[in-house]
Amino acid sequence: MSVYIAKRAAYIVFTLFGLSILVFTLARVLPGDPVRMALGPRTPPEIIEQVRKQLRLDRPLYEQYFYWLRDVAAGDLGYSLYTKRSVTHDVLEFLPASLELIILAAIFEIVGAFLLGVIAGRFSYKWPDNLVRVFSYVGISIPSFVWAIIFQLLFTWFLPLFPTIGNISRDIPSPPKVTGFLTLDSLLAGRFDAFANVLWHGILPALALCLGGMAQDARIIRTGMVENKDKDYITMATSQGLPERLIMFKYLLKPSIIPAITVMGMDIAGMLGNAFTVEIVFRWPGFSKYGIEVMKNVDLNAIVGVVLVIGVIFAIMNIIADILVAYVDPRIRLMERGE
Amino acid sequence: MAVVLRKIDMLLVVLLIIAIIVPSVAISYITGVSSDIKTLKDVTSELVTAMHALANATANIADAVGTFEITLAELESRLAALNRTLAGLLPKPKLLRVGFAWPTEPDPAVGSDYSSSTTFTALYDPLVYPTAAGDIIPWVAENWTVSADGLTWNFTIKEGIKFHSNRTLGAKDVAFSMDRMTKIGVGYGYLFIPFVNETKVLDDYNVQFVLKKQFGPFLYSLVRLYIVDKEEIMAHIVQGGTYDYPPNGDLGRDWLLTHDAGSGPYKVKEIKREQYIDMVRFNDYWAPMPPNAADEITYMALAVPATERTMMSKRELEITSQWLSEEVYAALDGTGGIDVTTFPGGDEFYYMMNNKKPPLDDIYVRRALAYVVDYEKIVRDVYPASLVATSCVPVGTPGYVSCQIYHTDVNKALEELSKSKYYPDIVQHPENYVIEVDWCAEVPPEEKIAMIFAECVERDLGLRVDVVETPWGKMIEDMTTEATSPHIETIFVALHYSEAGSLIESRYHSKSAPTWEQNEWLLNSTLDAAIEDALSTVDKTERFSKYAELERTIIAMCPSLFLFDHMIKMAYQTYIDWPAARGEVIPIMGYNIDPRTIQIYPPS
């Protein structure tokens, strides 16, 4: 397994290197002058030139890339023309908020998908299955930003149960920054009020974010279960009089979730790039929203930084999903061992 | 023998002495040691007892601390409960929360957009202050003089103004603010860079600006000179960063991203760069404040219609952003306790025609287009609150004169077109005359306007119109050269400072031809000279008279289509008293949401 992980990690390094070249080049051929856009349309040309020089944008592309790569090796992702500070600082500020939201959404997605998928699989072609099917169609077909608006209207306005915007109430002092994750920092500081408050803020955006994925994963689990139900080994287990619970969770569910795990991994990783609509509606100070803003403003270094960070997280999630699949599916482990 | 015996005696005596002394000493020593041991034992025993006592005492203290902690926690909890009860009984804090399109730059030498300008108004004091009548009044500068040649301006600074740092504002701060703005060069720096040659601190409260050339509206442009605390900034400069202005490092740019160095009625409480700016009342503010001024202000990144509507309905927002759709404004207007107001934005919407590109190089074609456009329909269907333009500068701008001669008249349009040198060919080969209209992709309503324009031109003049959605960045790039500038760019342009001359210069002087503010490529040296003459006229009446003449000349040249004067629309809670909503509008961006004049009466 360790060789397997090492191989995957090596692939990631190459993938990210290629990705950095691609994005670095693409960002620089986008229409519009990033410096002029950042400094404002009335900035004198000599000032624009001065800043362009300061940021080495007057150098050839390969030279710019070399300097960028050198700085990245030192942990510096460059200067953001949009936020007027280092991209590394921005990543450290915005990424934790998004990850907190995504982790919460992932928990909802996994629990919900398993619950609904198992119910639908167990009661296939009966009313619970039909109900889950309707939920799945609605969940998949309605985009997350619409869910975000619906939830906001329903649960913050008509039924004011949740806060409208933000990730912590203004009257709750933020815990001292240690990790950047408000939840973790709250726990480290023993501030359970802040911890609960952050979770309270995260429920609606996390639900809006995960519904599509949850619906899709529930369908995959359900389909897997229905297909495997007719397999010989299940018939044999049933005929041997094994308890239904054992058959359901040990012999039926395990092989049925393998495709769902891979899809879930991709879904959860994809949330980092797709969460911007939800983050905008709930004004969640996240990384995805930051990514959209920097792209709109042709903020070269920030664009490359955002894509790279998303790439890294996507790759990590991919590895985790592969490990989980290998854990659940013995065939993968045997294949890796060459057996 | 006797000698031997004597020696033996002596030896015996010595031995006797030794036999007596040594045991005595030994006994005494042993007794002493045992005594010492006893003492040591006693001491050790005492020490052990003391340590036991200490341990007991420590345990007792720990218990006491624990008890104290518990008591303290209980006390805190009870105090918090009491606080909540009191909070329920006490009047609600007066909050002013406003939504904006982001980002906001809190540094007055960096930002220049709507939210940044509004933030400066709360955090800083300008050198002079604008009025609703379009004039200026003394503010940080209590009086001023100008030399006969209009090049040397002396300002006397009001005494007793305190910065948020508690330092006193003086001439050195004013000079530093101007130098910092021109050195950094972004934000509103463009207003001063072409004119300010030198700043001199004459004494503690007198400062002098020496201009490179005469600039009539100089005094009016000083509403953008926000005074910063020199010492505070110099204490926070960073050397060797991305921005470097030797020998003063970054001139405090990094620090001012999340702090302020002002003397305004509010000071920064917290800045979350991508979310909000929280400000609290500055109790030592020098100018009088209304009795119900806000205790706290929050300017926040919003501009999502659903979110703003929800927040307004929940009274979590006092004033919305200006970018909501007509439908949302209508819905908010129908909600109890919420009103919608409109006021001039100080900008005009132009169809900038490339006067060098056929067939628009012919004034008759341009005039035909000016007569064929359905102005009323555009305003009615797309920007209902706006006003059909009546000059090349927005109505109400100081120096404005109503001189629009174009209105919708299809016959007149056809008559003008028939005078064009292109007319015979247009009749025979209309397919050769495709007019490209580039509208800004970031402003979707512009597409509707472009469609109305295309409909009018194709239906009534027979020319073809190609409507092209273009990102703002590409528009700017296209306009940098005459060849790449399309037939028509559709753009809102705002005043730089509150005078007609501002827009006349930025729109039609040759120096702005390669910028986004002029797609016309007029390049008319006679007009340039007349603009420069007007701007260098220090006497206001004379200058305004020259502006009026320029406006008439420009309209007659028909370089652009002057479509409408943009009106800003915002929804607000009726529990706030907001002068702009009452029609007291200061025609300078950022001064209409001034917490010095807004009062809050929170509902019970």
Inter- and intrachain pairs under salt bridge (Lys or Arg N to Asp or Glu O under 4.0 Å), touching residues 144-156 of chain A, at least two apart: none
If you look only at pairs with a residue in residues 80-96 of chain A, which of them pass as a salt bridge (Lys or Arg N to Asp or Glu O under 4.0 Å), with sequence neighbours excluded? A:K84-B:E105, A:R85-A:D90, A:R85-A:E93
For A:I149 versus B:A306, what's the shortest heavy-atom pair and its separation? CG2-CB, 3.7 Å
Side chain, backbone, both or neither: which part of [X] has an atom under 4.5 Å from a heavy atom of chain B?
X	result
A:I280	both
A:Y82	both
A:Q54	side chain

Using ring-ring contact (aromatic ring centres under 6.0 Å, His included) as the criterion, list what pairs up with A:Y79, not counting sequence neighbours. B:Y243
Atom pair OG1 (A:T156) and CE (B:M311), whose distance is rounded to the nearest 0.5 Å: 9.5 Å
The reported gap from OG1 in B:T310 to CZ in A:F158 (rounded to nearest 0.5 angstrom) is 8.5 Å
Structural part of B:S112 lying under 4.5 Å from a heavy atom of chain A: neither
Which of B:K272, B:K314, B:R253 touches chain A most, by non-hydrogen pairs under 4.5 Å: B:K314
Considering only heavy atoms, give the residues of residues 168-192 of chain A separated from chain B by less than 4.5 Å, sorted numerically, with 'none' for an empty result. A:R170
